[in-house]
Trainee: 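The structure is given below, and queries will be raised subsequently.
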2 protein chains.
Amino acid sequence: METVMRIGELGAAAGVDIETIRYYEKTGLLPDPARSTNGYRAYGPAHLERLAFIRHCRALDIPLADVKRLLEFVACPENDCGDIDRLIDAQLARVRARLKSMQALERQLASLRGRCGVAHVAGDCGILHELVAAARGEACACHIEGLPGSKKAEMSTRPSVRRSGA
Amino acid sequence: METVMRIGELGAAAGVDIETIRYYEKTGLLPDPARSTNGYRAYGPAHLERLAFIRHCRALDIPLADVKRLLEFVACPENDCGDIDRLIDAQLARVRARLKSMQALERQLASLRGRCGVAHVAGDCGILHELVAAARGEACACHIEGLPGSKKAEMSTRPSVRRSGA
DNA sequence: GCTTGACTCTGGAGTGACTACGGGGTGTGA
DNA sequence: TCACACCCCGTAGTCACTCCAGAGTCAAGC
Ligand SMILES: [Zn+2]
Ligand SMILES: [Zn+2]
Ligand SMILES: [Zn+2]
Ligand SMILES: [Zn+2]
């Protein structure tokens, strides 16, 4: 059985949009595939595996630059693995920082949502009132003026990993 | 007391980068301020309040388009507040979805990090092995092929709200 | 008077990871 | 022959900033 795929088949097999595959190729994450006589990309199982690896790393929110480095480790297994550890550590730290601020966010939004009673005019909406009041500096940490060490956790990029169709 | 600020003062007062302020102006979130004779922007306290409102909403990860809508409600308090509720509900749903996938991410990454033992060659690194194995489809939900309802929670944009210097 | 430095102005480009589009070529079943 | 699905390429758009170059403005110091 010859497992030669065109881009659409590869995309369907991996659950990845074709445009994304071409993007990975353009940015050097996927090697340039062979071409059929008509110019269509011709992929083999190795491409599928590599693409799945990339998508799995992306599902872990690992940035493409780091995925590239991981792929180099896969290609060169004789390299030192300390860098892999550090990479995953950094990723974990990023995710934990985001997680923490997400939790704070969730709490704030949940309490905010509870502020809207029966009022139906925006001028009487508790949500809007709360937002305006908070912006004035009451009970909010997002815009304290003279605070020295008031850095928020950085948020980095979004993973998203959405698949188009089954 | 005349509280007329130049852009740098406004930025310092609100803890916002000047570039960000100009960006908000360009995109219509902040109204075009008056200009001094030398062409410098001249802001008043209303601008500061509006900017703080925007930053507070951004700290809640509310996208700028929605912030714009909220500002319209502030300007027109006679409008129906149902839209505010729905907006906050949607935001809360987004945040909760992200939170959930962040938690899953944290678990996956934490277990992944534990995979690296004493090995110092990438070829023997448990992390890399696990990543490759997971990409092949073992024990991972990120790239199941025939699953019908396998949509991942969408991740939307990042807030970041970082302040430059106190 | 001249220089230095801090501040401001403008328009434009870059970031990450896609996503969408326009204008065309290819291949197959009716 | 025609419709339609698939493929090609290059470019531009998304979001919320962030950075830059090149120029103008202003007060203080010498
Ligand atoms: Zn996976
Ligand atoms: Zn309400
Ligand atoms: Zn706030
Ligand atoms: Zn290791």
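Here is the naming used below: chain letters follow the sequence lines, and residue numbers restart at 1 for every chain. None of these values were measured; they are calculated from a predicted model.
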Trainee: Report yes if at least one side-chain N or O of A/Arg55 is closer than 4.0 Å to OP1 or OP2 of C/dC18; otherwise report no.
Mentor: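 Yes, because at least one side-chain N or O of A/Arg55 sits under 4.0 Å from OP1 or OP2 of C/dC18.
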
Trainee: Provide the full list of ring-ring contact (aromatic ring centres under 6.0 Å, His included) pairs with a residue in residues 12-52 of chain A, sequence neighbours left out, each pair given once.
Mentor: A/Tyr43-A/His47

Trainee: Quick one: is A/Tyr23 getting a side-chain N or O under 4.0 Å of the C/dG16 phosphate, OP1 or OP2?
Mentor: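 Looking at the OP1 and OP2 atoms of C/dG16, neither is under 4.0 Å from any side-chain N or O of A/Tyr23.
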
Trainee: What integer distance in Å separates A/Ile21:CD1 from C/dC18:C1'?
Mentor: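 Nearest whole value for this atom pair: 13 Å.
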
Trainee: What pair of heavy atoms forms the shortest contact from A/Ala59 to B/Leu105, and how long is it?
Mentor: O-CD1, 2.8 Å

Trainee: Over all strands shown, is B/Arg22 touching base, sugar-phosphate only, or nothing at heavy-atom distances under 4.0 angstrom?
Mentor: base

Trainee: For the side chain of B/Lys68 and the backbone of B/Thr27, is there at least one donor-acceptor N/O pair under 3.5 Å apart?
Mentor: yes

Trainee: Of the listed nucleotides (C/dT8, D/dC17, C/dT10), which one gets closest to any side-chain atom of B/Arg41?
Mentor: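 Output: C/dT10.
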
Trainee: Using side-chain heavy atoms (C-beta onward) and a distance below 4.5 Å, is B/Ile88 in contact with B/Ile62?
Mentor: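 Yes; the side chains approach each other to less than 4.5 Å.
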
Trainee: Taking only distance into account, with no hydrogens and no angle test, what donor-acceptor pairs under 3.5 Å do side-chain atoms of residues 121-133 of chain A form with protein atoms, sequence neighbours excluded?
Mentor:
from     : atom 1 : to       : atom 2 : distance (Å)
A/His129 : NE2    : A/Gly123 : O      : 2.6
A/Glu130 : OE1    : A/Arg115 : NE     : 3.1

Trainee: Please figure out whether A/Ala65 or A/Arg6 has its closest DNA chain C nucleotide nearer the 5' end.
Mentor: A/Ala65

Trainee: Between the protein and nucleotides 2-4 of chain D, which nitrogen or oxygen pairs are less than 3.5 angstrom apart?
Mentor:
none

Trainee: Rounding to 10°, can you tell me the angle the first-five-pair axis of the helix from C/dG1-D/dC30 to C/dA30-D/dT1 makes with its last-five-pair axis?
Mentor: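 Its terminal axes enclose an angle near 30°.
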
Trainee: Please examine the side chains of A/Pro33 and A/Glu25, heavy atoms only from C-beta on, and report whether any two atoms are closer than 4.5 Å.
Mentor: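 With C-beta onward as the side chain, the pair touches.
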
Trainee: Does A/Leu70 reach the side chain of A/Cys57, with side-chain heavy atoms less than 4.5 Å apart?
Mentor: yes

Trainee: Excluding sequence neighbours, so at least two apart, what forms salt bridge (Lys or Arg N to Asp or Glu O under 4.0 Å) with A/Asp89?
Mentor: B/Arg113

Trainee: C/dC9, C/dT19, D/dC9: which one has an atom nearest the side-chain heavy atoms of A/Thr20?
Mentor: C/dT19

Trainee: Do any N or O atoms of the protein come closer than 3.5 Å to N or O atoms of nucleotides 3-6 of chain C, and which pairs are they?
Mentor:
none

Trainee: To the nearest angstrom, how far is B/Met5 atom CE from C/dC7 atom P?
Mentor: 17 Å

Trainee: Measure from the side chain of B/Leu64, starting at C-beta and using heavy atoms only, and say which of D/dC19, C/dT10, D/dC17 lies closest.
Mentor: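 Of all the options, the side chain of B/Leu64 is nearest to D/dC17.
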
Trainee: Of all the choices, C/dT8, D/dC8, D/dT18, which nucleotide is nearest to the side chain of B/Ile7 once you look at every atom?
Mentor: C/dT8

Trainee: So which nucleotide from D/dC9, C/dT8, D/dC17 ends up closest to the side chain of A/Arg35?
Mentor: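 That would be D/dC9.
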
Trainee: Which of these nucleotides, C/dT26, D/dT25, D/dA16, is closest to any side-chain atom of A/Asn38?
Mentor: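 Given the options C/dT26, D/dT25, D/dA16, the side chain of A/Asn38 is closest to C/dT26.
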
Trainee: So B/Leu60 and B/Gln91, side-chain contact (heavy atoms from CB on, under 4.5 Å) or not? Walk me through it.
Mentor: CA-CA 9 Å; B/Leu60 293 172; B/Gln91 179 61 18; 5.6 Å; no

Trainee: Using whole Å, what does the distance between atom C1' of nucleotide D/dC20 and atom CD1 of B/Ile18 come to?
Mentor: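 Taking CD1 of B/Ile18 and C1' of D/dC20, I get 13 Å after rounding.
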
Trainee: For A/Lys26 and for B/Glu9, find the nucleotide of DNA chain C with the closest heavy atom, then tell me which residue's nucleotide is more 5'.
Mentor: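 Its nearest nucleotide being more 5', the pick is B/Glu9.
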
Trainee: Can you measure B/Tyr43 atom OH to C/dC7 atom C1' for me and round it to whole angstrom units?
Mentor: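 Interatomic distance, OH of B/Tyr43 to C1' of C/dC7: 14 Å.
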
Trainee: Report the C-alpha separation of B/Arg41 and B/Arg35 in whole Å, then their side-chain angles, then the decisive distance to 0.1 Å, and conclude whether the side-chain contact (heavy atoms from CB on, under 4.5 Å) test is met.
Mentor: CA-CA 5 Å; B/Arg41 289 168 179 82; B/Arg35 297 289 183 140; 3.6 Å; yes

Trainee: Check whether any side-chain heavy atom of A/Gln103 lies under 4.5 Å from a side-chain heavy atom of A/Glu106, and answer yes or no.
Mentor: no

Trainee: Given side-chain contact (heavy atoms from CB on, under 4.5 Å), test A/Leu64 with A/Arg58 step by step and report yes or no.
Mentor: CA-CA 7 Å; A/Leu64 287 182; A/Arg58 289 295 301 130; 3.4 Å; yes

Trainee: Expressed as a whole number of angstroms, how long is the span from A/Glu19:CD to D/dA12:P?
Mentor: 16 Å

